[in-house]
Novice: 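Once you've had a glance at the structure underneath, I'll fire off some questions.
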There are 2 protein chains.
Amino acid sequence: MSSESTGKTREIDIKVRTLAHPSRGELQLDAVLSALSDPIRRQIVSQLADVPGEQACSAFQLPVSKSTSTHHFRVLREAGVIEQHYRGTAILNSLRAADLEAQFPGLLRAVLQVGIKEAPSSATATATAGESQARHPNAKA
Amino acid sequence: MSSESTGKTREIDIKVRTLAHPSRGELQLDAVLSALSDPIRRQIVSQLADVPGEQACSAFQLPVSKSTSTHHFRVLREAGVIEQHYRGTAILNSLRAADLEAQFPGLLRAVLQVGIKEAPSSATATATAGESQARHPNAKA
DNA sequence: AGGCAAGTACGACACCCTTCGTAGTACGAG
DNA sequence: CTCGTACTACGAAGGGTGTCGTACTTGCCT
């Protein structure tokens, strides 16, 4: 539909590039627990919880390739743990803390509280020392 | 070894049939969350939390085969969520609630609290009505 | 217009997980 | 001693997951 109607640049249907999210009531404990089972995804969630405001995917120093990053962000979004929306070419992420608290009270806090001792180097300690956080070999800088 | 040494009942090496458990300090959030991601395993944990005292594996009406049951119990034990020990041919199970609370405070409560509305028919409501709990086709009675 | 940066889509691979059935072991009861 | 009960062990099938590389789309900037 609306492909090349007259040969001019007349694309009427605006492709907004929306991302699908489950509503608050659709959150499934299965999906949320599975999503939080992965250490990399917990790292993402932890950073989102520590740093206020929205953050682009590129703001995360994950020890995996870009493709794999995309995968993890999608799992978190489809589980309803994070919210994602486009801003230019970037995607801004934020934690759905309120929705999670409404459906599974105490869960997020319980999981994040552990991360403090088990997996340090959350964004709060970014400038602490010699960068113990592993980056992916294919990382640019 | 020690099969029929003299033909009498002289088995010296006592096979206690012990089950391996992680110690409290060895509990891994990864393993615990993965273990709790499965609905069947949450059903087991939920029943253990509701009914006081130890319960044999056969006390659970799970919608899977016996082999699969064994598998799920083992996953829970190896993650450190439950404790198992032999009593005759049966295995008695109990929740390691204190250990879990020590390592991941609030986690167990958060997960179990959800089960109340998402998955009814916990042992507290056993005698409520017409047995909506699915049993496995291969079940005996 | 051209190039770059941020992500996505797709296909491939290896591994793990859930499930089952069948066979085996250990213990208690008749 | 023989049988039944309560599980485990093992192997197999089927689907899912984490990982990657390559190719593609989209939008911003010069």
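Here is how names work: the chains are called A, B, and so on, in the same order as the sequence lines, proteins then strands, and each is numbered from 1. Values reported hereafter were calculated over all heavy atoms of this structure, with side chains retained and with hydrogens, waters and symmetry mates removed.
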Novice: Please work out if B/Ser58 contacts a base, only the sugar-phosphate, or nothing of the nucleic acid, heavy-atom cut-off 4.0 Å.
Specialist: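 Sugar-phosphate: the residue B/Ser58, judged by heavy atoms under 4.0 Å, touches backbone atoms but no base.
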
Novice: Given D/dC7, C/dC20, C/dG7, identify the nucleotide with an atom nearest to the side chain of B/Ser67.
Specialist: C/dC20

Novice: When you measure from the side-chain N and O atoms of A/His72 to the phosphate of D/dT19, is any distance below 4.0 Å, counting only OP1 and OP2?
Specialist: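 The answer is yes; a side-chain N or O of A/His72 sits under 4.0 Å from OP1 or OP2.
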
Novice: I want to check one thing: is the phosphate of C/dG28, taken as OP1 and OP2, less than 4.0 Å away from some side-chain N or O of B/Arg87?
Specialist: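 For C/dG28, neither OP1 nor OP2 has a side-chain N or O of B/Arg87 closer than 4.0 Å.
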
Novice: Quiz question: going by heavy-atom distance under 3.5 Å, is there a donor-acceptor pair between the base of D/dG18 and the side chain of A/Thr68?
Specialist: no

Novice: Write down the distance between CD1 (B/Ile91) and C1' (D/dA6), rounded to a whole number of angstrom.
Specialist: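 These atoms are roughly 8 Å apart.
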
Novice: Looking at every strand, decide which applies to B/Tyr86 at a 4.0 Å heavy-atom threshold: base, sugar-phosphate, or nothing.
Specialist: sugar-phosphate

Novice: Assign B/Arg41 to base, sugar-phosphate, or nothing according to its heavy-atom contacts below 4.0 angstrom with the strands shown.
Specialist: sugar-phosphate

Novice: Would you check if A/Leu33 and A/Phe104 make a side-chain contact, meaning some heavy-atom pair closer than 4.5 Å?
Specialist: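 When only atoms from C-beta onward are counted, A/Phe104 and A/Leu33 do not touch, as no gap falls below 4.5 Å.
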
Novice: Side-chain N or O of A/Thr89 less than 4.0 angstrom from OP1 or OP2 on C/dA5?
Specialist: no

Novice: Respond yes when some side-chain nitrogen or oxygen of B/Ser65 is under 4.0 Å from OP1 or OP2 of C/dT19, and no when none is.
Specialist: no

Novice: For a quick test of reading the model: is some side-chain N or O of A/Arg17 closer than 4.0 Å to OP1 or OP2 of C/dT8?
Specialist: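 No, A/Arg17 has no side-chain N/O under 4.0 Å of OP1/OP2 on C/dT8.
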
Novice: How many angstroms lie between atom CD of B/Gln84 and atom CD of B/Glu78, to the nearest 0.5 angstrom?
Specialist: 9.0 Å

Novice: What is the distance from atom CD1 of A/Ile91 to atom CZ of A/Phe73, rounded to the nearest 0.5 Å?
Specialist: 9.0 Å

Novice: Do B/Asn93 and B/Gln55 get their side chains close enough for a donor-acceptor pair, meaning under 3.5 Å?
Specialist: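 No, no side-chain donor-acceptor pair sits under 3.5 Å.
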
